[in-house]
S.K.: 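Handing you this structure, nothing more for now.
Each chain gets a letter, A, B and so on, in the order the sequences are listed, and its residues count up from 1. As the structure is a computational prediction, the values presented were derived from the model and not from experiment. Hydrogens, waters and symmetry mates play no part in the numbers below; they use all other heavy atoms, side chains included.
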Amino acid sequence: MSPTPPADNHSELQQIDPEALIADAITVAIERAFGIENADPIVGPARNPKFGDFQSNAAMPLGKRLGKNPREVAAAIVEHADLGGIAEPLTAESIAGPGFINITLNADALSGLLENLDTPELGLPTPASPETVVVDLCGVNLAKQMHVGHLRSNVIGDTIARSFERLGHTVVRQNHVGDWGLPIAMVTGKVKAEADAGRIALDDLDLATLNRLYKDAQLECAADRRGLAAVRKFDLGPKAEAELEEQVASAEEALAAAKQTLVKLQSHDPEIEAVWRSIERTTMEVCLAVCARLHTRVTDGDSAGESSYATELAGVVADLVDRGVAEESDGALVVRVEGIKEPCLIRKGDGGFLYATTDLAAIRRRVQTLGGDRLVYCVDARQGLHFRQVFGAAHKAGYTTRPDGSTATLEHAAFGTVLGEDGKPLKTRSGENIKLDALLDEAVERAEAAIRERAGENAGEAGDVRTAAEAIGIAAIKYADLQTERSKDYVFSFDRMVSFEGNTGPYLLYARARINSMFEKAASRGIDLSASESAPLRLEAEEEKTLALLLLRTPRVVRGVADSLEPHRLCAHLYDLAVAFSKFYDRCPVVGADDEATRLSRLRLAGLTRRVLTDGLETLGLPLVDRM
RNA sequence: GUCCCGGUAGCUCAGCUGGAUAGAGCAGCGGACUUCUAAUCCGCCGGUCGGGGGUUCGAAUCCCUCCCGGGACGCCA
């Protein structure tokens, strides 16, 4: 269910978007011709330039519905259509094939629309009643280093958030930090033991050490119980059995200790809590630094860890029991959701809560306290069932009902796994997750090498090169991640993304850098740039027209990204835009144009392209670089 | 076993509510830098859209079925 555009800016949008204007005209024509209201005009860009700029495919389905020859239907539409002068008048010649209606924009209208786009808001005015969108992203865990899995949640989640922000909605980012529960208790106990033994200092922890201790603690608590059962069953000898027995026993012991630590943590034992806080401080400091480096807007204020819901869980469960939403099942408490076979577990047989319980508390807070109209979860696709259960349970519990009685929309913006070039989940040779900062380092290193290779002696100051390399490397990684359909797995390849050729982040940055350079050149020739800002647009060359049409399409695309939660649409559009600009750049001299009017018109077109491109790149969250 | 997601050019991917000869990038081959940055542009090569049925004037797109790959499936998070 996508929000409809507020009526107050619809007319404004129409002044810019030819597709909307034409669509409305066709809808009206259908009504006039057949008395059918609000028919889908099926208008879109022409599939092939030789058919014009836009096409309507409405006649065919309409013909079927009315039992008429689609070409006759098309003729009737054409006859009743009033395109208000924005396109060439429709005639019998406009009808092609089974009933396609081909539409060519009027040249003057095109520049008029483009002038309307050329405002500070670039076709996306602030809505009269902004929505509040809560975006769940990042999702780090205490004592664990960020890896490729976090890359997507941050990058995609942040772009989704930015697209809503760009549309003028209120966005609340939520970093649902994994900072609670038994695994955290395990590592907390482990860290305390290490500190007590003098092997580490609590006020001087580093994340790599924490990560190691986390794994150690996990191992110590992990017992091969099934292995032991198998050894016994198949009688594999007393030695093997004894070894496993010992292992299981020590694991049981470690687990019991961790459970005790958890109890202390929950009851705010000062000593344990101090250890926990230093783990948290160390982890979050690194996490936020990585987010800053990634240019994802995730800050300390966005942190809403699992621990922050700890005191609410008992209340949530009691509430669900009281109101008959939850029921007992094999000693556990579950919420059954219609259409899903597996019930949603909210309390274990031993009384402990589960992550579904925390997520229910989070939904309640996000809707009731944060005022969310729309909750978006940018989380791994493998959590799909979990979110279907939790969303269903939240709706059933009434937690998604807002004060005004409306229901908040809950969506799982699921993303696929990052794969290596062998098609398997990306890991190091030793089978570990690849650290995110190492990944970023390599991209930046490769970018720096590329700059030096291309520029040679003219690469500039070392500091400037590093600044540019940082932006280019990060842009390359982010763009590669955003470029493909979110929900699918994607293959990560340094060689491909950092070749910096073709459809890559750096290509977009490069297009922008060339526009900068063009303006510098123009300024150095003494051309009056301020005059170009309001110069009449003369879109005569094919390249100029193509570029103009793409520019006009941008607001529609940004809306589409927010509606669908699919950033790759903006990537594709900005790439098309950059390609169109590159062709324009290649074939239409600007600074050296034949006459003054053309020069100023082209400067204005280039300037507008730069602003739209910059705006789009910022919406994607790519770092910019002014010179390449 | 049940459910979810995928299968489009050698590789990586687009393909919007069904529409006109299925599009990019990379790789390969061939062109374009005394003229605004060649991280660019132009051309060529390359596809039984996993297989088979069906609906339709029209299917990569919708329905059925099968094959292949990945994932998830009550007391971990």
Side-chain angles (χ1 to χ4, degrees), chain A residues 40 42 44-48 50-51 55 57 60-61 63-64 69-70 96-100 102 141 178 180-184 306 329-334 340-350 352 354-356 358 380-386 388-389 414 416-417 419 421 423-425 447 450-451 453-455 472 480 483-485 487-491 493 495-497 499-504 506-507 509-511 513-522 524-525 557 560 564 566 568-569 571-572 575-576 579 582-583 585-593 602-603 606 627-628:
Chain A
D40 187 348
I42 319 185
R47 308 278 159 166
N48 187 324
K50 80 178 180 195
F51 298 132
Q55 63 184 56
N57 300 341
M60 285 83 81
K64 187 182 296 187
N69 180 330
F100 299 109
N102 293 324
N141 297 290
W180 208 241
L182 197 56
I184 300 300
E306 292 171 346
S329 170
D330 295 332
L333 270 177
V334 303
I340 305 174
K341 202 164 54 180
E342 300 84 352
C344 180
L345 262 80
I346 59 163
R347 195 178 70 194
K348 298 191 283 184
D350 67 4
L354 295 109
Y355 73 141
T358 307
D380 196 299
R382 286 173 294 192
Q383 305 278 337
L385 175 60
H386 166 69
R388 284 208 298 138
Q389 291 175 320
T417 306
L419 306 176
E421 293 186 72
K424 294 180 187 155
I451 291 170
E453 189 192 331
R454 280 169 227 272
I472 292 166
Q483 188 192 21
T484 62
E485 214 179 322
S487 62
K488 302 198 342 191
D489 293 351
Y490 89 98
V491 178
S493 161
D495 289 333
R496 208 171 47 247
M497 81 174 66
S499 72
F500 302 151
E501 281 169 19
N503 190 355
T504 61
Y507 177 88
L509 265 38
Y510 181 64
R514 285 170 117 187
I515 304 177
N516 289 338
S517 170
M518 177 193 288
F519 274 90
E520 280 171 22
K521 179 67 100 180
S524 76
R525 297 266 178 92
V557 172
S564 64
E566 290 179 346
H568 82 279
R569 299 184 184 201
C571 290
Y575 177 68
D576 288 344
V579 168
S582 292
K583 292 180 181 181
Y585 183 91
D586 198 57
R587 284 164 233 168
C588 301
V590 178
V591 176
R602 286 181 177 170
L603 275 170
R627 212 183 298 265
M628 285 176 79

S.K.: Between B:C11 and B:G7, how many Å separate the two C1' atoms, rounded to a whole number?
M.R.: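 Between the two C1' atoms, the distance is 15 Å.
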S.K.: Look at all strands and tell whether A:Cys588 reaches a base, only sugar-phosphate, or nothing, counting heavy atoms closer than 4.0 Å.
M.R.: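 Base contact.
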S.K.: Does A:Lys583 put a side-chain nitrogen or oxygen below 4.0 Å from OP1 or OP2 of B:C42?
M.R.: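 So the side chain of A:Lys583 is within the cut-off, an N or O lying under 4.0 Å from OP1 or OP2 of B:C42.
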S.K.: Over all strands shown, is A:His386 touching base, sugar-phosphate only, or nothing at heavy-atom distances under 4.0 angstrom?
M.R.: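 No contact.
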S.K.: At less than 4.0 Å, is any side-chain N or O atom of A:Lys348 found next to OP1 or OP2 of B:C76? Yes or no.
M.R.: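 For A:Lys348, the contact criterion (side-chain N or O under 4.0 Å from OP1 or OP2 of B:C76) is met.
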S.K.: Could you report the tightest heavy-atom contact between A:Asp489 and A:Leu419, atom names first, then the distance?
M.R.: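 What the structure gives for the nearest pair is CB-CD1, 3.8 Å.
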S.K.: Using whole Å, what does the distance between atom C1' of nucleotide B:A39 and atom CZ of A:Phe500 come to?
M.R.: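 Distance, rounded to whole Å: 9 Å.
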S.K.: Counting any heavy atom closer than 4.0 Å, what does A:Ala572 reach on the DNA or RNA strands: base, sugar-phosphate only, or nothing?
M.R.: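 Here A:Ala572 touches no strand at all.
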S.K.: Which part of the nucleic acid, if any, lies within reach of A:Ala414 when heavy atoms closer than 4.0 Å are counted: base, sugar-phosphate only, or nothing?
M.R.: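 No contact.
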S.K.: Within the 4.0 Å heavy-atom criterion, would you say A:Arg569 contacts the bases, only the backbone, or no part of the nucleic acid?
M.R.: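 Nothing, no nucleic acid heavy atom in range.
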S.K.: If you measure from the C1' atom in B:C73 to the same atom in B:U8, how many Å do you get, rounded?
M.R.: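 Rounded to whole Å, the distance is 31 Å.
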S.K.: Hey, which of these two, A:Pro45 or A:Ala450, hits RNA chain B nearer its 5' end, going by closest nucleotide?
M.R.: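 Of the two residues, A:Pro45 wins.
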S.K.: If I pick the P atom on B:G19 and the same atom on B:A60, what distance separates them, to the nearest angstrom?
M.R.: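 One P to the other, the span is 9 Å.
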S.K.: With heavy atoms under 4.0 Å as the rule, sort A:Arg454 into base, sugar-phosphate or nothing.
M.R.: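 Result for A:Arg454 = base.
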S.K.: Find the distance A:Asp576:CG to B:C16:C1' and express it as a whole number of Å.
M.R.: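 It is 13 Å, rounded to the nearest whole Å.
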S.K.: A:Gly349 near the nucleic acid: base, sugar-phosphate alone, or nothing, with a heavy-atom cut-off under 4.0 Å?
M.R.: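 Touches a base.
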S.K.: Measure from the side-chain N and O atoms of A:Arg602 to the backbone N and O of A:Pro589, and report whether any donor-acceptor pair falls under 3.5 Å.
M.R.: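 Side chain of A:Arg602 to backbone of A:Pro589, a donor-acceptor pair under 3.5 Å: yes, one is there.
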S.K.: Does any N or O donor sit under 3.5 Å from an N or O acceptor when you compare the side chain of A:Gln483 with the base of B:A14?
M.R.: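 Absent.
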S.K.: For A:Tyr490, answer base if it contacts any base atom (sugar-phosphate contacts may also be present), sugar-phosphate if it contacts only those atoms, and nothing otherwise; contact means non-hydrogen atoms under 4.0 Å.
M.R.: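 Sugar-phosphate, no base atom in range.
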S.K.: Just verifying a value: how many Å separate A:Gln483 CD and A:Asn503 CG, rounded to the nearest 0.5 Å?
M.R.: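 Result: 4.5 Å between the selected atoms.
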S.K.: Specify the separation, in whole Å, of atom CD of A:Gln383 and atom C1' of B:G71.
M.R.: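 One finds 12 Å between C1' of B:G71 and CD of A:Gln383, rounded.
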S.K.: Which residue lies toward the 5' end of RNA chain B, A:Ser487 or A:Lys341, if each is placed at its nearest nucleotide?
M.R.: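 Result: A:Lys341.
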S.K.: Identify whether any heavy atom of A:Asn48 sits under 4.0 Å from a base atom; if not, whether one sits that close to sugar-phosphate; answer base, sugar-phosphate or nothing.
M.R.: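 Result for A:Asn48 = base.
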S.K.: Could you state the atom-to-atom distance from CG of A:Asp489 to P of B:G71 in whole Å?
M.R.: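 After rounding, the reported distance stands at 9 Å.
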S.K.: Regarding A:Tyr507, tell me which of base, sugar-phosphate or nothing describes its non-hydrogen contacts under 4.0 Å with the strands shown.
M.R.: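 Contact class for A:Tyr507: sugar-phosphate only.
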S.K.: Provide, to the nearest angstrom, the distance between the CD atom belonging to A:Glu485 and the P atom belonging to B:G6.
M.R.: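 Distance, rounded to whole Å: 7 Å.
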S.K.: Rounded to whole angstroms, how far apart are CD on A:Glu501 and P on B:C41?
M.R.: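 After rounding, the reported distance stands at 10 Å.
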S.K.: Check for a donor-acceptor pair, side chain of A:Arg496 on one end and backbone N or O of A:Val491 on the other, with a separation under 3.5 Å.
M.R.: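 Between the backbone of A:Val491 and the side chain of A:Arg496 there is a qualifying donor-acceptor contact (under 3.5 Å).
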S.K.: Dot-bracket for RNA chain B: what is it, with Watson-Crick or G-U pairs under 3.5 Å, [ ] where a pair crosses earlier ones, and | for a pair to another strand?
M.R.: (((((((..((((.....[...)))).(((((.......))))).....(((((..]....))))))))))))....
S.K.: Within the structure shown, what part of the strands sits under 4.0 Å from A:Asn102 by heavy-atom distance: base, sugar-phosphate, or nothing?
M.R.: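 Counting heavy atoms under 4.0 Å across all strands, the contact made by A:Asn102 includes a base.
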S.K.: On a heavy-atom basis, which atom in A:Arg382 and which in A:Thr417 lie closest, and how many Å separate them?
M.R.: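 Between these two residues, the closest heavy atoms are CZ-OG1, 4.2 Å.
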S.K.: Could you tell me whether the side chain of A:Lys521 has a donor or acceptor atom within less than 3.5 Å of a complementary atom in the base of B:U35?
M.R.: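 Donor-acceptor pair under 3.5 Å: no.
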S.K.: How would you label the contact of A:Leu354 with the nucleic acid (heavy atoms, under 4.0 Å): base, sugar-phosphate, or nothing?
M.R.: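 Sugar-phosphate only.
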S.K.: Send over the distance from A:Tyr575 OH to B:A39 P, rounded to a whole Å.
M.R.: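 My rounded result for the distance is 15 Å.
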S.K.: With centres under 5.5 Å and planes under 30°, do A:Phe100 and B:G19 count as stacked?
M.R.: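 Answer is no, no stack.
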S.K.: Indicate, with a heavy-atom threshold strictly under 4.0 Å, whether A:Ser582 touches base, sugar-phosphate, or nothing.
M.R.: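 Sugar-phosphate: the residue A:Ser582, judged by heavy atoms under 4.0 Å, touches backbone atoms but no base.
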S.K.: For B:G70, does OP1 or OP2 lie under 4.0 Å from any side-chain N or O of A:Arg382?
M.R.: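 No, no such contact exists.
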S.K.: Can a donor-acceptor pair be found, under 3.5 Å and without considering hydrogens, that links the side chain of A:Gln389 to the backbone of A:Pro343?
M.R.: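 Yes; at least one donor-acceptor contact below 3.5 Å.
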S.K.: Which heavy atom in A:Tyr507 sits nearest to a heavy atom in A:Gly502, and how many Å separate them?
M.R.: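 Distance-wise, the nearest heavy atoms are CB-O, 3.0 Å.
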S.K.: For A:Lys488 and B:C5, what is the distance between atoms NZ and C1' respectively, to the nearest whole Å?
M.R.: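 Between C1' of B:C5 and NZ of A:Lys488: 10 Å.
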S.K.: Base, sugar-phosphate alone, or nothing: which one does A:Arg47 contact when heavy atoms must sit under 4.0 Å apart?
M.R.: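 Here A:Arg47 touches the bases of the nucleic acid.
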S.K.: Once hydrogens and angles are ignored, does a donor-acceptor distance under 3.5 Å link the base of B:A39 to the side chain of A:Tyr510?
M.R.: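 When only heavy-atom distances are counted, A:Tyr510 does not reach the base of B:A39 through any donor-acceptor pair under 3.5 Å.
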